[in-house]
2 protein chains.
Amino acid sequence: MLLTGTSLRVTYRSVTFRQGLFGNNSAMVAKNQTVDCGSSCGGPRKNAAARIFDTARELFYRRGIRAVGVDEIVCSAGVTKPSLYRSYASKDDLVAACLTSYADESRTTIDAKLEAAGPEPLGRLYALIDHYAGQTSDPDFRGCPMTNTAVEFPEADNPGRSIAETCKSEVRDRILDLARQIDTKEPESLTDGLLLLIEGAYSTHHIFGSQGPSGCLRKSAGRLIESYLKR
Amino acid sequence: MLLTGTSLRVTYRSVTFRQGLFGNNSAMVAKNQTVDCGSSCGGPRKNAAARIFDTARELFYRRGIRAVGVDEIVCSAGVTKPSLYRSYASKDDLVAACLTSYADESRTTIDAKLEAAGPEPLGRLYALIDHYAGQTSDPDFRGCPMTNTAVEFPEADNPGRSIAETCKSEVRDRILDLARQIDTKEPESLTDGLLLLIEGAYSTHHIFGSQGPSGCLRKSAGRLIESYLKR
DNA sequence: GTAAGGACGTACCGGTCAGTAACATTCTTC
DNA sequence: GAAGAATGTTACTGACCGGTACGTCCTTAC
């Protein structure tokens, strides 16, 4: 059997972890992986809480929330576990903080890009599409943290889901707001069609990478928008 | 802090598990959840291997691969752990078998629907879209198992990824094959645009459910296809 | 100089993870 | 009813999970 007994051992700061390919054993980090968020970066050494947060944010996004244990976070951050639990009540709490941070960052970036696009609603809509197209053209992109969280945690009462759902609803509202300002009879349909394309670009990136269908986002969105514009 | 100490305890067949909301502790199943695949269903009692497979297939899809432990699988299947390891070399092995099964089932279903749609390529293309639209209209839908696996396991060498990638490439090839048969100059762009919409429908279902943007799949795909047809 | 308090680390907890060994029991088939 | 296959029972392993009791160090203030 091809997958039988497949496991790999790596050493990080004299701690060795085992990781089954589909297993839950997650306290592992690849040798020389650049997730060291505080102990060796240039500039003033950040305090433990900041390093924990930055490291967790990066690791959760790169490898998934369930896949990353608190041991790995503190190890990568160059701190110890009690430091984590002095700043965050639980792993759940840290996860929520990271998700909120992703959402805030996304909101701020989009604000800036829309601002830069000027007052014309169609131009602003294309600027929004270009923003997402730009994200998916990055090979290091690992999809939308919000969508990834919803995939990882299907339970309806998961607190991460509500953060993700709120964030996505905001995006939908923003697109709808723009769609209502352009000359179309069906802004809702256009909005949802564009959302499908954007989320599809996120999703196909997971499978096909940055050279896959996500490269067609701008073009497809353009055709969809065109089809909704009155002539 | 709102999420502090959030945990829930449930009992299943006199075994109690604890589950942190974002934790790895996964050997839990909601009370009265209908995942019992063998011990109480009508009809002849399946053998242990079949029950393990059916249960795992269901649980992995419904809750995620990392979230489901072997203890929970055997517990839900009404068998014991040695029975699992007599049939499958490892959890990895069982996961791979389930993924292959999802892929095979999807291929078979699509074959049948295309067959039923007749010889006309445009009709076949719409039949394919309708197939995906039908999936996402089901509230119990939990996205595409292949995409979900790619999200859960970002590591390039994960064996589940290669199964998922192969399956998705097949789908892309099938759409491209149909796109090449209809009257358009850019079958590749149309294919990738349709893939974005399909994957977007999968993805938005995770966040917005069956009443969300995924309901626009057929309509959006129709407009995109129209825009590619020569006039 | 020294006391106080914050920041941080050492070493541990109980529980769950995937996986196994040894052996008992039941089912099927002839 | 014997033989052999299939399955269950029980107990265990080493590693990792999230989380914590408690000790140490380092800065600041007097």
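What you see is a predicted model, and the numbers here were worked out from it, not measured in a lab. Throughout, a chain's letter reflects where its sequence line sits, starting with A, and its residues are numbered from 1.
Here the nucleotide nearest the side chain of B/T80, chosen from D/dG19, C/dT10, D/dT9, is D/dT9. For A/P82, taking side-chain heavy atoms from C-beta onward, the closest of the listed nucleotides C/dG9, C/dA18, D/dG18 is C/dG9.
The shortest distance between the side-chain N/O atoms of B/S83 and the OP1/OP2 oxygens of D/dG8 is below 4.0 Å. Distances shown here put every side-chain N or O of A/K81 at or beyond 4.0 Å from the OP1 or OP2 atom of D/dG19. For B/Y85, a side-chain nitrogen or oxygen approaches OP1 or OP2 of C/dG19 to under 4.0 Å.
C/dT16 atom C1' lies 16 Å from atom CZ of B/R66, rounded to whole Å. If you take CG of B/D71 and C1' of D/dA11, they are 14 Å apart, rounded to a whole angstrom. Atom CG of B/L84 and atom C1' of C/dC17 are 14 Å apart (whole Å). In this entry the distance linking CD1 of A/I52 with C1' of D/dG18 reads 14 Å, nearest Å. In this entry the distance linking CD1 of B/I73 with C1' of C/dA18 reads 11 Å, nearest Å. For B/K91 and C/dC17, the NZ to P distance is 9 Å, given to the nearest whole Å. We find that CZ of B/R51 is positioned 15 Å from P of D/dA6, with the value rounded to whole Å.
The aromatic rings of B/Y88 and B/F53 sit parallel, their planes meeting at an angle under 30°, below the 60° perpendicular limit.
Remark: side-chain polar atoms of B/R172 are not paired, donor with acceptor, to backbone N or O of B/L195 under 3.5 angstrom. In terms of modelled atom types and a separation under 3.5 Å, the side chain of A/Q135 and the main chain of A/F141 share no donor-acceptor contact.
A donor and an acceptor atom never sit less than 3.5 Å apart when one is taken from the side chain of A/R86 and the other from the base of C/dG6.
A salt bridge is absent between A/D177 and A/R174: the closest approach of a Lys/Arg side-chain nitrogen to an acidic carboxylate oxygen does not fall below 4.0 angstrom. Salt-bridge formation is not detected for the pair B/R51/B/D54: no Lys NZ or Arg NE/NH1/NH2 atom is positioned less than 4.0 Å from an Asp or Glu carboxylate oxygen.
Residues B/V70 and A/A48 each lie close to DNA chain C; by heavy-atom proximity, the contact nearer the 5' end of the strand is made by A/A48.
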